[in-house]
**Q** 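If you scroll down you'll find the structure; I have some questions about it.
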Amino acid sequence: MFWLKKFFFIIIVFLSLVNCISCVSNNSYSSVDSYGWMETEKDLTNNWLLSESNRSMKILEKLDLFSSIEKRFSELTDYGTEPIIHNIRLKGDNTFYLKRTNKHPYNRLFVKDRFGKERLLVDPPVGYIYNLYPSNDGKYVAYAISENDSEISSIKVINVKTRAHLADSLSGITVSNLVWANDNLSFFYHRNNFADSGNRKSGTEELYLHRLGSNSDKDLAIFGKANIENYQANIDQYTYLSLSANWAVVSVESSISGDTIDLYLTDSNSLNLENKHWKKIIDRKQKVTNFLLRDDWLYLAKYNNFSGYTLSRLDLNHIHYQEEKIIEWKKGELTRFSVSKDAIYLAYYDSGKYKFVTIPFADLHNIKSIPVSDGNEVTAIFSSLDNKEILFTQQNWNIPPKIWQYDPDSQLIEDSKIIKTDASLFADYESEQKWVKSNDGELIPLTLIHRKGIKLDGNNPTWLTAYGAYGENSYPNYYDTTRLIWLEKGGIIAIAHVRGGGELGPKWHYDGKGKNKINSVNDFIKCAKYLIDHRYTNSSKLVISGASAGGIVIGSALARHPELFAAASITSGMLNMSRLDQIPIGSVNFAEFGSPFNKQEFKNLQTIDAYLNLREGVNYPPVMLSVGLQDARVSPWQSAKFAARLGEINRSQNENVFIIANQEDGHFINYFIDMMVFFMWKTNISD
């Protein structure tokens, strides 16, 4: 009997050791994670999410607010959107673009000639056109189209004159990046060779040459593992090709974290040859983020030591010569970088001041400012190497986009009349910027949008949002009439430009990534307290939201200071950062947030892990979590675990945790109506 007991004891000890080893290999806490099963039991997790979503929607749809908000959303979506025009391409006397209207609420491809006559080129029976590429002579247009909201697309080609599609149809496209060759009968493009197999992570991202009328299976790989020694051609990168008469330059950058690039050079005449030689001329350590190729010159935009940018140029005939500096500024992001036939165009922030300038090739040090209306920003530049004139879009948070035409010779700015603009909808509203001191004394920009003459009585419903990752800027790059649903109820919209974004240059990003990521959370919390302390609102009227990596900020702020908020909404959120390696985009995010396999970085990830930082006995405000079950970036179980843990802690409270899930949706989902209903309900806004 003694030996039998000893045998069982040994077995138990052995199993415990195995469990501990497994525990360590799975980042040290999974053995005590009550909802760890959600990571591996996909079907059970999805079924639970769908069941909870069904319960949540039944509650929301019964509210009196739901139908009125749904109706107003439809009205605002239709208002002033006839038409939406984007992806404008100038080629000779023709202007190509994508257009949506109320009658056709999807992208259709059009061309307009110099007389203003418009022709429809492509009205897709199925799929979503998201980019277009006219040939240099304007005879053909290649376009990228995605089906079923997939991140994998195909390229098709149409004859502009006849509107007939060519037989060419290329599949397996992740990011098209198409460039026409000088012969106008072939083009270079970017594809993933495993994209159609559903195994993108194992595929290779390379550049190919395709000749019209040829079999795409025989396309020549002109840049990739066969051409570059030690080339890492996996999914976590983008490759871009740029051509001049004599040169070809390819840039390689991370697709997720890190925006500095490697640049490779070869002569353009060798691009149709196998085993061509590429020379690496710029390394990511040199902090180059953007480039333009013009004749024999390479124009480089790079981070400088002042958290701003330096623009210089390099002579490709003498690549070992010192670069020639053109312009430099401090503490500010480069937001637009484009080239026309005769000049470079830059839009950027210099120590908080917004600037839009042109730099003529004929006199690089004769930098000219282009006027921008007060408070507005240039959100797009449409230019061509064939034209002196450019088009640019100007807008702001409460000012709709307008496309202007600029003539550098006369310096005249005129309404292009490509789109009609009606600013009346936001006539009663204004935007302002405040500066909020964070924990370490850094001043954080806080944008506020509200009705003119608003009273600071501490009782205004306020919706605070943030992103703060990857050096991305939260600037007014789109005009959204539906935000009036909140503003019309007397609400305030606040955008916290926390560190981790790029609003104040590269250092702003660095100070909110990796070991510094907690700064993003602290900045957000300070902005929330500012709104309360300065009587814009109070904690019973303050709601917060974020999506994807913004979920780190919102989830962590909620876990740390639940008393500040009335409700929170998180969409496709990164909420369990200690398990970063277990989501599809995990490994490529190690540079941005840290690696679970590094002891110190793992501790940092635990600090910003919203799921781990939820505490027993705490009264958390109501939370809505929205997910698409086809999310190929952030696994839905991150939201599921957070929701389940919240529900467990607040089990005595009804209607506290809401889930909105859809079987067909992916990462980029939009449940705006549900969020507005939820926020108004929880801040006691009546219909």
**Q** Spell out, as yes or no, whether a donor-acceptor pair under 3.5 Å connects the side chain of W278 to the backbone of I228.
**A** no
**Q** For residues P360 and A343, report the shortest heavy-atom separation together with the two atoms involved.
**A** CA-CB, 3.8 Å
**Q** Any luck finding a side-chain donor-acceptor pair between D511 and N519 under 3.5 Å?
**A** no
**Q** Below 4.5 Å, heavy atoms only, C-beta onward: do N387 and F382 meet side chain to side chain?
**A** no
**Q** What distance separates L346 CG from F356 CZ, expressed to the nearest 0.5 Å?
**A**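 Rounded to the nearest 0.5 Å, the CG-CZ separation comes out at 9.0 Å.
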**Q** Is the gap between the ring centers of Y470 and F593 under 6.0 Å?
**A** yes
**Q** Enumerate the salt bridge (charged side-chain N to carboxylate O under 4.0 Å, His left out) contacts for residues 237-247, please, sequence neighbours excluded, ordered by first and then second residue.
**A**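 Of all non-adjacent pairs touching residues 237-247, none passes salt bridge (charged side-chain N to carboxylate O under 4.0 Å, His left out).
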**Q** For a side-chain contact (heavy atoms from CB on, under 4.5 Å) check, start with the C-alpha distance between Y143 and K156, then their side-chain angles and the critical distance, and finish with the verdict.
**A** CA-CA 6 Å; Y143 63 94; K156 301 182 185 300; 3.7 Å; yes
**Q** Shortest non-hydrogen contact from P401 to I419?
**A** O-CD1, 3.6 Å
**Q** If the test is side-chain hydrogen bond (donor to acceptor under 3.5 Å, both in side chains), which one of K280, Q286, K285 qualifies with D283?
**A** K280
**Q** Does any non-hydrogen side-chain atom of L298 lie less than 4.5 Å from one of L265?
**A**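 L265 vs L298: side chains apart.
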**Q** Would you call the rings of Y345 and Y406 parallel, tilted or perpendicular, where under 30° means parallel and over 60° means perpendicular?
**A**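 Y345 vs Y406 ring planes: perpendicular.
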**Q** Rounded to the nearest 0.5 Å, how far does CD1 of I222 lie from OG1 of T266?
**A** 9.0 Å
**Q** Mind running side-chain contact (heavy atoms from CB on, under 4.5 Å) on E253 and Y240 for me, showing each step along the way?
**A** CA-CA 9 Å; E253 67 175 307; Y240 294 88; 3.6 Å; yes
**Q** In plain terms, say whether E323 and K325 are close enough for a salt bridge, that is, a side-chain N and a carboxylate O under 4.0 Å apart.
**A**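 Not counted as a salt bridge, because no side-chain N and carboxylate O are separated by less than 4.0 Å.
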**Q** Tell me whether S268 contacts the main-chain N or O of A245 through its side chain, where contact means a donor paired with an acceptor under 3.5 Å.
**A**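 Here the side-chain-to-backbone pair exists.
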**Q** Is a side-chain N or O of N290 found less than 3.5 angstrom from the main chain of A301, in a donor-acceptor match?
**A** no
**Q** Could you grab the distance from atom CG of L132 to atom CD1 of I88, nearest 0.5 Å is fine?
**A** 10.0 Å
**Q** Measure the shortest side-chain to side-chain distance between R313 and F361 over non-hydrogen atoms and say whether it is less than 4.5 angstrom.
**A** no
**Q** Is it true that atom CG of N366 has more than 12 heavy atoms of other residues, nucleotides or ligands lying nearer than 6.0 Å?
**A** yes
**Q** For the NZ atom on K287, are there more than 12 heavy atoms of other groups (residues, nucleotides or ligands in this structure) within a distance under 6.0 Å?
**A** no
**Q** Under 3.5 Å, side chain of T335 to main-chain N/O of A347, donor-acceptor pair present?
**A** yes
**Q** Can you find a pair of side-chain heavy atoms, one from L209 and one from L271, that are under 4.5 Å apart?
**A**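 No, their side chains stay 4.5 Å or more apart.
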**Q** Between Y309 and Y303, does the ring centroid distance fall short of 6.0 Å?
**A** yes
**Q** Side chains of H210 and S216: any donor to acceptor distance under 3.5 Å?
**A** no
**Q** Using only atom types and a distance under 3.5 Å, with no angle test, would you say the side chain of S340 pairs donor to acceptor with the backbone of L385?
**A** no
**Q** Kindly indicate whether the side chain of K139, heavy atoms from C-beta on, has any atom under 4.5 Å from the side chain of V160.
**A** no
**Q** Working to the nearest 0.5 angstrom, can you tell me the gap between N94 CG and D137 CG?
**A**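 Answer rounded to 0.5 Å: 10.5 Å.
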**Q** Specify the closest pair of heavy atoms between I261 and S251, including all atoms of both residues, with the distance to one decimal.
**A**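 For I261 versus S251, the nearest heavy atoms are CD1-CB, 4.1 Å.
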**Q** Quick one: pull up CH2 in W247 and CG in N269 and give me the separation to the nearest 0.5 Å.
**A**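 Taking CH2 in W247 and CG in N269, the distance rounds to 10.0 Å.
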**Q** For the pair W329 (side chain) and S351 (backbone), establish whether a donor and an acceptor sit closer than 3.5 Å, ignoring hydrogens and angles.
**A**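 A pair under 3.5 Å: no.
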**Q** Do you know which two heavy atoms are closest between K526 and N439, and how far apart they sit?
**A**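 So the two residues come closest at CE-OD1, 2.9 Å.
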**Q** Verify side-chain contact (heavy atoms from CB on, under 4.5 Å) between K507 and L504, making sure each step is shown before the conclusion.
**A** CA-CA 7 Å; K507 189 175 184 299; L504 294 179; over 6 Å; no
**Q** Do K91 and N136 have side-chain heavy atoms sitting under 4.5 Å apart?
**A**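 They are in side-chain contact.
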**Q** Should the pair F597 and F590 be assigned to parallel (<30°), tilted (30 to 60°) or perpendicular (>60°) ring geometry?
**A** perpendicular
**Q** Give a yes or no on whether the ring-centroid distance for Y133 and F188 is below 6.0 angstrom.
**A** no
**Q** If you take all heavy atoms of P134 and W180, which pair is closest and at what distance?
**A** O-CD1, 3.3 Å
**Q** For the side chain of N473 and the backbone of E503, is there at least one donor-acceptor N/O pair under 3.5 Å apart?
**A** yes
**Q** Please round to the nearest 0.5 Å and tell me the distance separating atom CD of E601 and atom NZ of K515.
**A** 10.0 Å
**Q** Just so I know, are the side chains of D409 and K388 near enough to count as touching, which here means a heavy-atom distance under 4.5 Å?
**A** yes
**Q** Do any N or O atoms from the side chain of S153 and from the backbone of A144 form a donor-acceptor pair under 3.5 angstrom?
**A**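 A pair under 3.5 Å: no.
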**Q** Taking the six-membered ring for Trp and the full ring for Phe, Tyr or His, determine whether the centres of Y140 and F187 are under 6.0 Å apart.
**A** no
**Q** Please determine, by modelled atom types, if S595 and N598 share a side-chain donor-acceptor pair under 3.5 angstrom.
**A**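 The answer is no; no qualifying pair exists.
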**Q** Just checking, any donor-acceptor pair under 3.5 angstrom between side chains of Q394 and S373?
**A**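 Present: a donor and an acceptor within the cut-off.
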**Q** Can any side-chain N or O of S384 pair as donor or acceptor with the backbone N or O of L90 at less than 3.5 Å?
**A**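 Yes, because the side chain of S384 sits within donor-acceptor range (under 3.5 Å) of the backbone of L90.
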**Q** At their closest point, which heavy atom of D168 faces which heavy atom of R211, and how far apart are they?
**A** OD2-O, 3.8 Å
**Q** Distance alone, cut at 3.5 Å: any donor-acceptor contact between the side chains of T310 and E328?
**A**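 Note: T310 and E328 side chains meet the donor-acceptor criterion.
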**Q** State, with a plain yes or no, whether a side-chain heavy atom of E414 is found less than 4.5 Å away from one of E389.
**A**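 When only atoms from C-beta onward are counted, E389 and E414 do not touch, as no gap falls below 4.5 Å.
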**Q** Counting N and O atoms only, with roles assigned by atom type, does the side chain of D267 sit under 3.5 Å from a partner on the main chain of N246, one being a donor and the other an acceptor?
**A** no
**Q** Show the numbers, then the answer: is there a side-chain contact (heavy atoms from CB on, under 4.5 Å) between N131 and R89?
**A** CA-CA 10 Å; N131 219 332; R89 301 285 185 266; 2.8 Å; yes
